[in-house]
Structure formats: structure tokens, C-alpha cells
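Input: a single structure, listed below in C-alpha cells.
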Amino acid sequence: MPAFSLEPSQTARCAELRALAEERLRPLAEKGEPGRVNRPLVAELGRLGLLERLFTSGALDLCLMRESLAQACTEAETALALQGLGAHPVHAHGTPAQRERWLPAVSEGSAVAAFALSEPGAGSDAAALGLRAEGEPGGRGAAEGSGAALRKQATADSEAPGARAGRVPDRQGGAGARAGRVPDRQGGAGREPDSSADPSAQPVAVPDGSSRWRLTGEKCWISNAPEADFYTVFARTTPGAGARGVTAFLVPADRPGLTGTALDMLSPHPIGALAFDAVPVSADDVLGEVDRGFRVAMGTLNLFRPSVGAFAVGMAQAALDATLAHTARRDAFGGKLRDLQSVAHTVAEMALRTDAARLMVYAAATAYDEGAPDVPKRAAMAKLLATETAQYVVDTAVQLHGARALQRGHLLEHLYREVRAPRIYEGASEVQRGIIAKELYALYANLEAV
């Protein structure tokens, strides 16, 4: 990979994004309720054109957006990233009807997306999914061909793009009456909608002969659940086949049998669990090919893992900036904190690690954009280094600030809660180390074979 530096236009765009985040996004974020989808914030991201850029930008631009937003408003960064994570499989693998139905609404911020991969018994081991997609009696199920062939069978039966279940929410950003959308205040299961009042909310029946499944099982720790408008859901269509028996489905939130529960987590963004009780899906809902959903998941994660690192770098930079200001002003021991060698050296270490992580993130994103063969390794390295670095920098910043940094509402108290989760989601640090080692040994084996 060549040496990397940003163009002046990219640097200027990052500064513009930080200013927009402070002036227009942070006030909306502060009005939001922790643990709930902030629909006004999502809509503002759409009005600013940032959500549309999720589908027109490369990996590096995605990283620059996430890093810039994270420095000024982590809630805005997370809202943007979750829209991209949930909707990217539709953009990359969806049918024309699926794209037309959902991507414009995601881009304008009127529909909320979610990526439903993790399960109570299959968090880091994504190939061990237990959510079952069982073929319906009278339907062909997954065994009779590829997703492309199955979709071809159902094409004649497909409804118009705007008539599919899981319609876009009202323009006022109301929660709507979708299954699993509105948890009760005690954290109980989301209530199901009264679909009888609106026949268009029911999924269109698939005629006999088309491939149909029923989804049964659970998903857990799903960001934007249970309030999303649709979910990219990964389910097992072939038992005992490991990663090769998983299929990706686009599941609108108002499908019968889909309910959800909000989870009270340390991180302030919305996270929930989903329950699937024989939720109907058909060939029209398949993303990509049947039994090839693991490719959809890994392709999405290879794009977003470097940008998780960018999110972490943005938080690290915010913590570093706060520390520079604090240590330059704080009187201690007859001088300023910065005059103490131990403090100055610690700040230098924080800056060193932050810049090193930033460069690795940019290099991984550039490799993705150039189609380099070692993207999985680079993406894993970038996420691992950046998230571990951010944890160190934020923790160290708290130590140098002292007790004031632990007060509710302090920037570092907020960052301290935000910084922990990225070391776990989209592949825990241990998973990233495993990916890196696997890629290294594969390269070694290839070199030995030459």
C-alpha cells in the first residue's frame, strides 16, 4: 500500500462535518431519549445528505464521515452508521424492488434500518446461528435451488414496490404500530400492531409453488431494535451446514410473529432483542442467494469494520483534545499539569496511539476501495487497533481529569460509556485477532507452496 495522506478537500470536508455536527446534530441528540431511536436526528442526517452518501461513497469516505461526526456528536455518528449497516445488504444484494422500496426512505431518514446477526448463543461465532428458516408445507423451501432461481419463480407474483409489508413511518417520525417497535416502559415485549385496521400492513401472500419459509428463534443485542422499520436478518436455511447454510432476508418490522424488547445497556444508543414466532418470508425477501447469506454478512462487515475503527479514532481524538485543554489550564503543584513530565509523556503517548490507529484505519479503507486481496486482514487490524486504542485514550483522559470526568453529563463520562462497546460488536477483539492470524497463515502457506 502507498503512503497515505488526506487531500486538502477531504480535510476541509471533515472540518465542515464537525461544524455541522456541533451546530445542527448535537442539539437534536441532546433532546433524544437514551436507548430509543432518535428519529428527528435520523431525519436531519437525511436532510444534510449524509445518509445518501452511505450508498454513493467508498470505504475511506465512510471512515472520514464517521470519524468527523464522532469527534463532535457520537449519537449522530452512531445513527448514521446503523442506517448504513442495516441497509448496505439491501443496496449491495437486494432486488430492484427491494432497493426501490427501502433505500430512498433510508436515505431521507424516514425509515430506520437494522442489522440482525447476533443471537444469545451465537454472538462472536456468527456461523453458529440458531434462528431457523423452515420451509412451509406446500412451498419449495431452500433446498431446490439458488436464491436467484427462487426469486425468478416468484417475480410474476411480486407486488408493486410500494405495497410491500413494512411501510415507511409517518412523516412526523411517530413510532408507528409495528411488531416489536414500541417496548413498554418496564422493558416488556413490544406490542403487536392492530393490522386489521390497515390491510396494506399485512404481508402479501405468496402463491403455492413459490419458496416460503417461517423464521423461528431469537436475535439479541441488535442495534435499533425493536424500533427499526426493517431488519436484515440472517437465518439458518440448511441445518448442520455451518456458514454455508445461512440465508439473508429482508424482514419488514410489521411481519406477523415478529416482536421485540428493548435492552437497558451501558451504551446510550438503542439496542434490543427480537423474537421470531413463525415469521413468514418468501423468495422475494431473500438478499443475495439462498444458503449464501454468510457472504452478505461478511461483505458488509469488511466494509464497516474499518469505519468502526474510524468511530473509535474520533472518540479518541475528542478525548485527547479535552485532555490537552484541561492539562494546559489546570493548576497543580505550583504550575500547570502539562509541566509535569509524567503528564506530558502520557499525553504524547495518547497522541501517538491515536495517530497510528488513524493511519491504519485509512489504509484499510483505501485497500477496500482499491479491491486489494488482503481486505479481511486489514479491516480486522484496523478495527482491533483503533478500538483498543480508543479504550486506552479515553480511560487515560479520565485519569488525568480526575473525579470531574466521572460526573454525569461530562464529555468524558459520555465517551467512557460509548467507547467500550466497539471492542465487542461487529466482531470482538479476540475475533479480529483470529481473523488476522488465519489470514497470515494462509499467506504463509501460499508462499511455501510456490
Side-chain angles (χ1 to χ4, degrees), residues 10 13-32 34 36-92 102-115 173 222-225 227-230 232 267-271 300-301 303-315 317-318 361 365 368 383 386-387 390 414-415 418-419 421-422 425-426:
Q10 293 172 310
R13 177 60 176 162
C14 289
E16 179 186 351
L17 275 178
R18 289 194 296 272
L20 282 173
E22 288 198 18
E23 296 167 10
R24 296 179 58 173
L25 298 175
R26 187 188 290 170
L28 292 172
E30 291 173 349
K31 295 177 183 177
R36 299 295 302 272
V37 172
N38 188 332
R39 288 183 179 268
L41 177 61
V42 175
E44 186 65 15
L45 288 168
R47 280 189 287 272
L48 292 173
L50 299 180
L51 296 179
E52 186 175 7
R53 285 175 61 187
L54 290 169
F55 309 116
T56 59
S57 302
L60 178 58
D61 192 39
L62 175 61
C63 287
L64 296 180
M65 283 196 291
R66 294 190 67 175
E67 180 187 345
S68 300
L69 291 176
Q71 283 186 242
C73 181
T74 58
E75 296 92 339
E77 186 285 333
T78 301
L80 175 96
L82 295 182
Q83 287 288 85
L85 187 65
H88 176 76
V90 182
H91 168 70
W102 289 108
L103 294 186
V106 170
S107 296
E108 69 181 20
S110 61
V112 173
F115 186 81
I222 306 304
S223 295
N224 279 348
E227 298 182 65
D229 298 298
F230 72 93
T232 295
S267 179
H269 76 268
I271 301 177
T300 302
L301 293 177
L303 169 61
F304 276 85
R305 276 174 177 158
S307 71
V308 174
F311 172 40
V313 167
M315 288 190 287
Q317 187 65 53
V361 166
Y368 183 96
K383 181 183 185 295
T387 56
H414 174 77
L415 291 176
E418 284 273 26
V419 78
Y425 64 61
E426 294 186 40

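Just so you know, residue 1 is the first one in the sequence shown, and it goes up from there. Only a predicted model underlies this, so the values are computations on that prediction, with no experimental measurement involved. Computed over heavy atoms, backbone and side chain alike; hydrogens, waters and symmetry mates excluded.
Inter-residue side-chain proximity for F115 and H88 is flagged as unmet; no heavy-atom pair is nearer than 4.5 Å. Contact check for E75 versus L25: no side-chain heavy atoms found under the 4.5 Å cut-off. Residues F311 and T387 fail the side-chain proximity criterion, which asks for heavy atoms closer than 4.5 Å. Contact of the L54 side chain with the Q83 side chain is registered, since non-hydrogen atoms from C-beta on lie closer than 4.5 Å. Put simply, the side chain of P270 does not reach to within 4.5 Å of the side chain of R36, judged on heavy atoms. Two residues are said to be in side-chain contact when any heavy atoms from C-beta on lie closer than 4.5 Å; V361 and E67 fail this criterion.
Note on ring orientation: taking the six-membered ring where Trp is involved, the planes of H91 and F55 are tilted (angle from 30° to 60°). Ring pair H269/Y425 is perpendicular by interplanar angle, where above 60° counts as perpendicular and below 30° as parallel.
Of all heavy-atom pairs spanning L17 and L69, the tightest one is O-CD2, 4.2 Å. Closest of all the heavy-atom pairs between R66 and V308 is NH1-N, 3.5 Å. Across G86 and P89, no two heavy atoms sit closer than the pair O-CD, 3.7 Å. Nearest heavy atom pair, residue V106 against residue A87, reads CG1-CB, 4.0 Å. Across all non-hydrogen atoms, the minimal contact from P306 to A365 is CB-N, 4.4 Å. Closest non-hydrogen pair, A79 versus L41, comes out as CB-CD2, 4.3 Å.
Applying the side-chain hydrogen bond (donor to acceptor under 3.5 Å, both in side chains) rule to pairs touching residues 45-54 yields E44-R47, R53-D61, sequence neighbours excluded.
In this structure, the side chain of E22 does not engage the main chain of C73 through any donor-acceptor pair within 3.5 Å. Side chain of R26 to backbone of A72: a donor-acceptor contact under 3.5 angstrom is found. Judged by distance alone, with hydrogens and angles left aside, the side-chain atoms of K383 form a donor-acceptor pair with the main-chain N or O of P422 at under 3.5 Å.
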